[in-house]
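Working notes, structure below.
What you see is a predicted model; the values in this text were computed from it and never measured.
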Amino acid sequence: MKKQKVCFTLHRYNQGYAKYIIAKRDYSFEDALMATLLLDELAFHRNKQSIDQAIDEAIDFGDAATFNELARTYRHYYLD
């Protein structure tokens, strides 16, 4: 696999010297991919948790329309 470099640049104004400080850091493609996959997994679990909570609230209040809508959304988070 060919390695790619991603360069992130941070510009920060330093008030003491009245000029910008520039810091650069290169990340490999594998690091960027790992970070993206980790963030995707965290977002997946957060969304699933919020849908679980909303389904529980719909059951508690007896709201069938909301439950059916959330159940259709929840199918994407369930593996057979």
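For Glu57, the CD atom sits in a packed shell: over 12 heavy atoms of surrounding residues, nucleotides or ligands are nearer than 6.0 Å.
For the atom pair Asp60 CG and Ile55 CD1, the distance stands at 12.0 Å (nearest 0.5 Å). The structure places OH of Tyr74 at 10.5 Å from CZ of Phe67, a figure rounded to the nearest 0.5 Å. The structure places OG1 of Thr73 at 11.0 Å from CG of Asn68, a figure rounded to the nearest 0.5 Å. Here the CG-CG distance, from Asn47 to Leu42, works out to 11.0 Å after rounding to the nearest 0.5 Å.
With contacts defined as side-chain heavy-atom distances shorter than 4.5 Å, the pair Glu41/His45 qualifies.
Listed here is the closest heavy atom pair of Arg72 and His76: O-CD2, 3.9 Å. Closest approach of Tyr77 and Lys48 over heavy atoms only: O-CE, 3.8 Å. Scanning all heavy atoms of the two residues, the minimum distance from Leu70 to Ile51 falls at O-CG2, 4.2 Å.
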